[in-house]
Protein chains: 2
Amino acid sequence: MVSIKEVAQLAGVSTATVSRFINNPDQVKQHTRERVQKAISETGYAPNTLARNFRRGKTHIVVVVLPSVGDPFFEGIMEGIWRVAREQGYSILVRETLFNTVDFDEFTHMIFSKQADGIILLASPSPFREGVSIDDERKQPPIILSCENVTPELKNFPSVRIDNVAAATEATTYLISLGHKRIAFMFGKSSSTLTADRETGYRKAMKKAKLPIDDTWVSEGGLTLEGARRAVRKLINSSAPPTAIFCANDEMAIGAIHEIKAAGLSVPEDISVVGFDDIRYAEVVDPPLTTIAQPAEEIGERTMYRLCKAIDGSDIGLGAETVPHKLIVRRSTAKPPQSS
Amino acid sequence: MVSIKEVAQLAGVSTATVSRFINNPDQVKQHTRERVQKAISETGYAPNTLARNFRRGKTHIVVVVLPSVGDPFFEGIMEGIWRVAREQGYSILVRETLFNTVDFDEFTHMIFSKQADGIILLASPSPFREGVSIDDERKQPPIILSCENVTPELKNFPSVRIDNVAAATEATTYLISLGHKRIAFMFGKSSSTLTADRETGYRKAMKKAKLPIDDTWVSEGGLTLEGARRAVRKLINSSAPPTAIFCANDEMAIGAIHEIKAAGLSVPEDISVVGFDDIRYAEVVDPPLTTIAQPAEEIGERTMYRLCKAIDGSDIGLGAETVPHKLIVRRSTAKPPQSS
DNA sequence: TTGTACGCGTTATCAG
DNA sequence: CTGATAACGCGTACAA
């Protein structure tokens, strides 16, 4: 492995000059530049990133924590993150949490031990250890939450997301406006507060319309196809089945539609279904899914920009940066059946 | 930022002892261990990963190159990779290529400049620069291809995948056995050799059955929902529309089904559709998709294991490691319509 | 069992 | 504009 020394020797200059040639070429005289360039080409020298990072004290790596690669919702978010990362010279290390718990200490440790310059928590299930609290006084580590609220303790953590409560209220209110009275809500995992805001929005809308909520209507779908299918089977067989189901994400909505149809019922004739996220499959399922669209790329971009600022030491403040959502009405929703 | 020195000072030992305590605790006397442990706790010391990597000459990072995070096909593959990575102490850096070209030099440079210990090319579009050829004599950089064949030059590169030709032949032959004679094939991008093997398998099966292939039947779907929809519109309106469509991946098959139904036709009554990959949505689309299943987790695991060996300097040989595929018959395929 | 001392490859500082 | 040299934090021979 050829080092800067050999290049310097071959070019007949000092290592300092070679280093300057690489990092501040304008500080090197034209004539010298050529000599160094030649030596680099001949040796095939490439600066050792390890040594460079060590010296500079920066990894230029940002860790993105997400539940699972393969979730179409992240496509747009990641695209936004990547665009900015590339522009700012960062690489992205992905850490999935699907089957592993994580705690906040792990993340601070990553920063502390220089494994990463900053961290983005993307819709992380966030089973943070209890008692985590970033007191506003202390300088925060460069960590940004994105897309979802997590534990109440971190409510004031820097984040970028839509107003989940308002969006869920809007979706539920839309169902109510169609005439639905028995509306179910399907959340993620009971252990996680991931979709809590969406549940809050749902309850808020129901309350405002003075509609009762049967306990059996609020069920867990684990944010997965399979979980939603199980939950729907129960709902359908219950004594007071709902005429509409609002799912906390599209994945569950797709599973729900499949299971409703498998049971011989129709969507939306018998049961209306609403999703959340507007992933690319929402438009091609049968029937196309009514859902809440999030401006994914924008979320990604703004998250990464904010993180860059935090890494640079700027004060980015606490709290959420809110981006607009939009209710997309497709054909999975209609008036409730007459008999009801 | 607290360094090893301060810990040593506080514990009243040398830095060497602290280092040993971290890396070879058994070489430190019990009594000393306690003192060091205490000092570490008090200072909140964490070894500087940058310095450590520099010193050891390894990053413990493996770069996984893939077209796009958010592609459900990668879920299983990544899970396998991650399991092994965790076990072997590696982190995963993800590099997406969706909208960026990459060349082989970029990857060798990553290894060369110590940005990563090894690289996995996952179903990469692989627009490698021409003239790339790893001659068998020279020691190869630790790079493994996974899932797909790429350019012909790299045919003999270390890889882990199913036998794409055989799988495609099997899928096509199945359609033929149902009585189909006019079978279309939808590939990815014409610029990419990504799905070339699958096309080869398709042509092989058609030839064996002595069935002609109309040029208009072989079309490009870009591996996306949207691309497939465009392609299907053309197919349906052509003078000799096919009675079955074999798509090079499930994503396109899902788009195809949607578009066929949107045109007022039925799947499989009017047109049968076969996909490839068996992503999780394949089972819940309407009708459920007949497709080729790949053992995703196994592919991921074996790829990562092989890469680890390569990183450790073992000779892993050239060529492909083949894993078994399986044709999954669901309800998107049936006999062709009588009229045909 | 522990301490001393050196070197890893780069960049930054400071003289020249 | 360029060269000499001191860090950066850690791991490890080697000596004690």
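Naming: A, B, ... by sequence-line order, numbering from 1 per chain.
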Legend entry - side chain to side chain contact (heavy atoms under 4.5 Å, CB included) evaluation trace for Glu87(B) with Tyr305(B): CA-CA 10 Å; Glu87(B) 173 191 317; Tyr305(B) 270 125; 3.0 Å; yes
Atom-pair distance ([atom1] on [X]; [atom2] on [N]), nearest Å:
X         : N       : atom1 : atom2 : value
Asn24(A)  : dC1(D)  : CG    : P     : 12 Å
Glu6(A)   : dT10(C) : CD    : C1'   : 14 Å
Phe112(A) : dG9(D)  : CZ    : P     : 12 Å
Gln9(A)   : dA4(D)  : CD    : P     : 12 Å
Gln115(A) : dC10(D) : CD    : P     : 13 Å
Asn23(A)  : dG9(C)  : CG    : C1'   : 13 Å
Lys5(B)   : dG11(D) : NZ    : C1'   : 14 Å
Gln27(B)  : dA13(D) : CD    : C1'   : 12 Å

Inset, instruction - Evaluate the ring planes of His60(A) and Tyr90(A), with Trp represented by its six-membered ring, and classify them as parallel (under 30°), tilted (30 to 60°) or perpendicular (over 60°). - result: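 Tilted: the ring planes of His60(A) and Tyr90(A) meet at 30° to 60°.
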Inset, instruction - Residues of residues 29-54 of chain A with any non-hydrogen atom less than 4.0 angstrom from an atom of DNA chain D: list those, numerically ordered, please. - result: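 Lys29(A), Thr32(A), Phe54(A) - these, ordered by number, are the residues of the stretch whose heavy atoms sit under 4.0 Å from the strand.
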Inset, instruction - Mind listing the closest non-hydrogen atom pair of Arg306(B) and Gly317(B) along with its distance? - result: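 Arg306(B) and Gly317(B) have their closest heavy atoms at NH2-O, 3.7 Å.
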Legend entry - Residues in side-chain hydrogen bond (donor to acceptor under 3.5 Å, both in side chains) contact with Lys29(B), at least two apart in sequence or another chain: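 Scan of Lys29(B) (side-chain hydrogen bond (donor to acceptor under 3.5 Å, both in side chains), adjacent residues dropped) gives none.
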Inset, instruction - Taking side-chain hydrogen bond (donor to acceptor under 3.5 Å, both in side chains) as the test, write out the residues that go with Glu42(B), two or more places apart. - result: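 Testing Glu42(B) for side-chain hydrogen bond (donor to acceptor under 3.5 Å, both in side chains), a comparison that skips the adjacent residues, returns Lys38(B).
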Please state whether the phosphate of [N], meaning OP1 or OP2, lies under 4.0 angstrom from any side-chain nitrogen or oxygen of [X].
X        : N       : result
Ser3(A)  : dG9(C)  : no
Thr17(B) : dG3(C)  : yes
Arg56(B) : dC10(D) : no

Legend entry - Difference in axis direction between the ends of the helix from dT1(C)-dA16(D) to dG16(C)-dC1(D), five pairs, 10°: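 Roughly 40° between the end axes, to the nearest 10°.
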Inset, instruction - Flag yes if more than 12 heavy atoms outside Lys309(A) fall under 6.0 Å of its NZ atom; otherwise flag no. - result: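 Open: at most 12 neighbouring heavy atoms sit under 6.0 Å from NZ of Lys309(A).
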Legend entry - Nearest-0.5 Å distance that lies between atom CZ in Arg161(B) and atom CG in Leu145(B):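 If we round to the nearest 0.5 Å, Arg161(B):CZ and Leu145(B):CG are 8.0 Å apart.
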Inset, instruction - Apply ring pair (Phe, Tyr, Trp, His ring centres under 6.0 Å) to Phe73(B) and list each qualifying residue two or more places apart in sequence or on a separate chain. - result: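 Phe73(B): no ring pair (Phe, Tyr, Trp, His ring centres under 6.0 Å) contacts found.
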Inset, instruction - Any chance you could lay out the side-chain hydrogen bond (donor to acceptor under 3.5 Å, both in side chains) test for Thr59(A) and Asn53(A), step after step, and finish with the verdict? - result: CA-CA 5 Å; Thr59(A) 59; Asn53(A) 288 346; over 6 Å; no
Legend entry - Toward the 5' end of DNA chain D, by each residue's nearest nucleotide, Arg55(A) or Ser14(A):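 Result: Ser14(A).
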Inset, instruction - Mind running side chain to side chain contact (heavy atoms under 4.5 Å, CB included) on Ile40(A) and Phe21(A) for me, showing each step along the way? - result: CA-CA 10 Å; Ile40(A) 289 181; Phe21(A) 171 82; 3.6 Å; yes
Legend entry - Options dG3(C), dG7(C), dT12(D), nucleotide nearest the side-chain atoms of Val13(B):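 So the nucleotide nearest the side chain must be dG3(C).
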Between the protein and nucleotides 14-16 of chain D, which nitrogen or oxygen pairs come in under 3.5 angstrom?
none

Inset, instruction - Check step by step if side chain to side chain contact (heavy atoms under 4.5 Å, CB included) holds for Ile144(A) and Glu321(A). - result: CA-CA 11 Å; Ile144(A) 316 259; Glu321(A) 192 174 322; over 6 Å; no
Inset, instruction - Could you walk me through whether Val94(A) and Ile92(B) pass side chain to side chain contact (heavy atoms under 4.5 Å, CB included), step by step? - result: CA-CA 6 Å; Val94(A) 173; Ile92(B) 301 294; 5.8 Å; no
